[in-house]
Protein chains: 2
Amino acid sequence: MSADAAPHAKPDLTRNQALVFGALEGAEAPLSAYTILDQLRDDGLRAPLQIYRALDKLVAFGLVHRLESLNAFVACNHPAGEADGESHGTAAFAICENCDSVAEFTEQDVAERLRSWAKTEGFEPHSTVIELRGLCEACRAA
Amino acid sequence: MSADAAPHAKPDLTRNQALVFGALEGAEAPLSAYTILDQLRDDGLRAPLQIYRALDKLVAFGLVHRLESLNAFVACNHPAGEADGESHGTAAFAICENCDSVAEFTEQDVAERLRSWAKTEGFEPHSTVIELRGLCEACRAA
DNA sequence: ATCGCACACGTTATACCATCACGCAATAAT
DNA sequence: ATTATTGCGTGATGGTATAACGTGTGCGAT
Ligand SMILES: [Zn+2]
Ligand SMILES: [Zn+2]
Ligand SMILES: [Zn+2]
Ligand SMILES: [Zn+2]
């Protein structure tokens with residue numbers, strides 16, 4: 001195999017991973033695995049497992065986040081920092097229930113407080129889910 | 001109908017609601033809707049919808065929480081016995097990936113910080129999901 | 001009384017989400 | 001060459017959630 005699908009400064013993605021990531025990057029709302037599959041049929045993807053395998057890797061790379069309250073996925077869109085280091089464990093999401101937009105943010109104090117609680121209780125956190133559901137500013141105005 | 005909205009009123013439960021709530025109270029781990037269904041076959045419940053309808057009500061009453069990262073449900077078990085009022089919107093959960101135990105807790109500062117972010121961004125939150133996945137103290141020791 | 005309405009209930013069918021189990025191919029190490 | 005690792009493709013299966021329809025009961029208004 002020669003080609004790499006996109007000249008971006010990311011870890012080397014396989015063809016399937018690049019296709020799935022492209023779908024998520026181009027979307028304006030979270031996509032379910034099956035929606036991604038539908039969009040990629042013309043590119044030769046046919047089975048859910050092809051999507052889920054790619055998503056697993058992309059999540060592991062930190063390029064994609066899974067939204068637990070939606071059973072759906074978004075491309076990482078950190079406010080400032082990039083896809084490495086501390087920010088991974090602490091990302092939070094504000095999901096608009098009207099327009100499906102997702103704002104990704106990090107509140108250091110929130111993560112701090114949760115870590116502090118865990119330490120006190122002897123709990124060893126491996127991952128943290130923080131998701132706000134509600135109305136974004138634009139939809140509130142309308 | 002009970003006009004009682006929030007404070008220490010355990011609304012009258014219908015038969016199905018009582019059965020589902022009983023199953024959750026008696027469990028030591030979160031239960032999926034279908035697991036509850038299996039447990040209640042002998043009581044005459046036969047279809048998923050009967051479970052989901054009861055769960056919707058119980059969640060609305062604040063007697064049960066849905067764990068988004070597990071697609072499962074637990075009976076409310078607030079730490080200090082404040083089983084009503086303010087604490088509902090801000091509950092957080094620490095879920096052990098080894099023994100499936102769930103600790104429910106509230107960190108006022110966490111809720112505060114998230115509300116503060118929302119206010120700044122013009123986001124109007126309707127509900128908040130905070131779930132920690134990891135190892136509880138007992139399982140860490142073992 | 002009986003009509004209308006709200007609400008819980010029961011059932012079937014279907015849609016949507018996720019993984020298992022198998023086998024094959026390409027690559028890297030021994 | 002043999003083995004280990006990783007990604008890929010496919011069919012089958014299992015788990016989660018709702019749509020659509022119809023029934024029955026309680027209760028206030030007529
Ligand atoms: Zn991110
Ligand atoms: Zn919106
Ligand atoms: Zn609670
Ligand atoms: Zn444990």
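All chains are named by letter (A, B, ...) in the order of the sequence lines, taking the proteins before the strands, and each is independently numbered beginning at 1.
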Enquirer: Look at B:Gln50 and C:dG10 and indicate whether a side-chain polar atom (N or O) is within less than 4.0 Å of OP1 or OP2.
Expert: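 So the side chain of B:Gln50 is within the cut-off, an N or O lying under 4.0 Å from OP1 or OP2 of C:dG10.
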
Enquirer: Give one of base, sugar-phosphate or nothing for B:Arg53, where a contact means two heavy atoms less than 4.0 Å apart.
Expert: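 Counting heavy atoms under 4.0 Å across all strands, the contact made by B:Arg53 includes a base.
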
Enquirer: Can you give me every donor-acceptor pair (side chain of residues 32-47 of chain A, partner residue at least two apart or in another chain, under 3.5 Å) with its distance?
Expert:
unit_1	atom_1	unit_2	atom_2	d
A:Ser32	OG	A:Tyr34	N	3.4
A:Ser32	OG	A:Thr35	N	3.1
A:Ser32	OG	A:Thr35	OG1	2.9
A:Asp38	OD1	A:Arg41	NH2	3.1

Enquirer: Counting only side-chain nitrogens and oxygens, does A:Arg66 get under 4.0 Å of the OP1 or OP2 atom of C:dC17?
Expert: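 No, because none of the side-chain N or O atoms of A:Arg66 sits under 4.0 Å from OP1 or OP2 of C:dC17.
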
Enquirer: Answer yes when B:Arg133 and B:Glu131 have at least one side-chain N-carboxylate O distance shorter than 4.0 Å, and no when they do not.
Expert: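 Result for this pair is no, no salt bridge flagged.
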
Enquirer: On the side chain of A:Tyr34, is there an atom forming a donor-acceptor pair with the base of C:dA18 - under 3.5 Å, no angle test?
Expert: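 Indeed, a donor on one side and an acceptor on the other fall under 3.5 Å apart.
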
Enquirer: Atom CG of A:Leu70 and atom P of D:dA17: how far apart are they, to the nearest Å?
Expert: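 My rounded result for the distance is 13 Å.
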
Enquirer: Rounded to whole Å, how long is the line connecting atom CG of B:Leu13 with atom C1' of C:dC7?
Expert: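 Distance, rounded to whole Å: 15 Å.
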
Enquirer: Which of these nucleotides, C:dT19, C:dG10, D:dC8, is closest to any side-chain atom of A:Thr14?
Expert: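 So the side chain of A:Thr14 is nearest to D:dC8.
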
Enquirer: Could you state the atom-to-atom distance from CZ of A:Arg46 to C1' of D:dC8 in whole Å?
Expert: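 So the two atoms are 14 Å apart, to the nearest Å.
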
Enquirer: Rounded to the nearest angstrom, tell me the gap between atom CD in B:Glu68 and atom C1' in D:dA17.
Expert: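 B:Glu68 atom CD is separated from D:dA17 atom C1' by 13 Å.
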
Enquirer: May I ask you to say what B:Leu49 touches in the nucleic acid, namely base, sugar-phosphate or nothing, with a heavy-atom cut-off under 4.0 Å?
Expert: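 B:Leu49: base contact, heavy atoms under 4.0 Å.
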
Enquirer: From CG of A:Leu37 over to P of D:dC8, roughly how many Å is that when rounded to an integer?
Expert: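 In whole Å, D:dC8 P lies 15 Å from A:Leu37 CG.
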
Enquirer: Classify the ring geometry of A:Trp117 against A:Phe123: parallel below 30°, tilted from 30° to 60°, perpendicular beyond 60°.
Expert: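 The arrangement is tilted - the two ring planes meet at 30° to 60°.
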
Enquirer: Judged by each residue's nearest nucleotide on DNA chain C, which is more toward the 5′ side, A:Ser32 or B:Lys57?
Expert: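 Comparing both residues, the 5'-ward one is B:Lys57.
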
Enquirer: Taking atom C1' of D:dG7 as reference, at what distance in whole Å does atom CZ of A:Arg15 sit?
Expert: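 The answer, rounded to whole Å, is 14 Å.
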
Enquirer: What is the distance from CD1 of B:Ile51 to C1' of C:dA8, rounded to the nearest Å?
Expert: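 Result: 14 Å.
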
Enquirer: Round to the nearest Å and state the distance from A:Arg41 atom CZ to D:dG9 atom C1'.
Expert: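 To the nearest whole Å, that distance equals 14 Å.
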
Enquirer: With a 4.5 Å cut-off on side-chain heavy atoms, are A:Leu58 and A:Phe73 touching?
Expert: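 The answer is no, as the side chains (C-beta and beyond) never meet within the 4.5 Å cut-off.
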
Enquirer: Does the pair B:Arg115/B:Glu112 count as a salt bridge with the N-to-O cut at 4.0 Å?
Expert: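 Result for this pair is yes, salt bridge flagged.
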
Enquirer: Assign each of B:Asn71 and B:Asn16 to its nearest nucleotide of DNA chain C by heavy atoms, then name whichever residue's nucleotide is nearer the 5' end.
Expert: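 Checking each residue's closest nucleotide, the 5'-ward one belongs to B:Asn16.
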
Enquirer: Students often get this wrong, so: under 4.0 angstrom with heavy atoms, is A:Ala47 touching a base, only sugar-phosphate, or nothing?
Expert: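 If one applies the 4.0 Å heavy-atom cut-off, A:Ala47 turns out to touch a base.
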
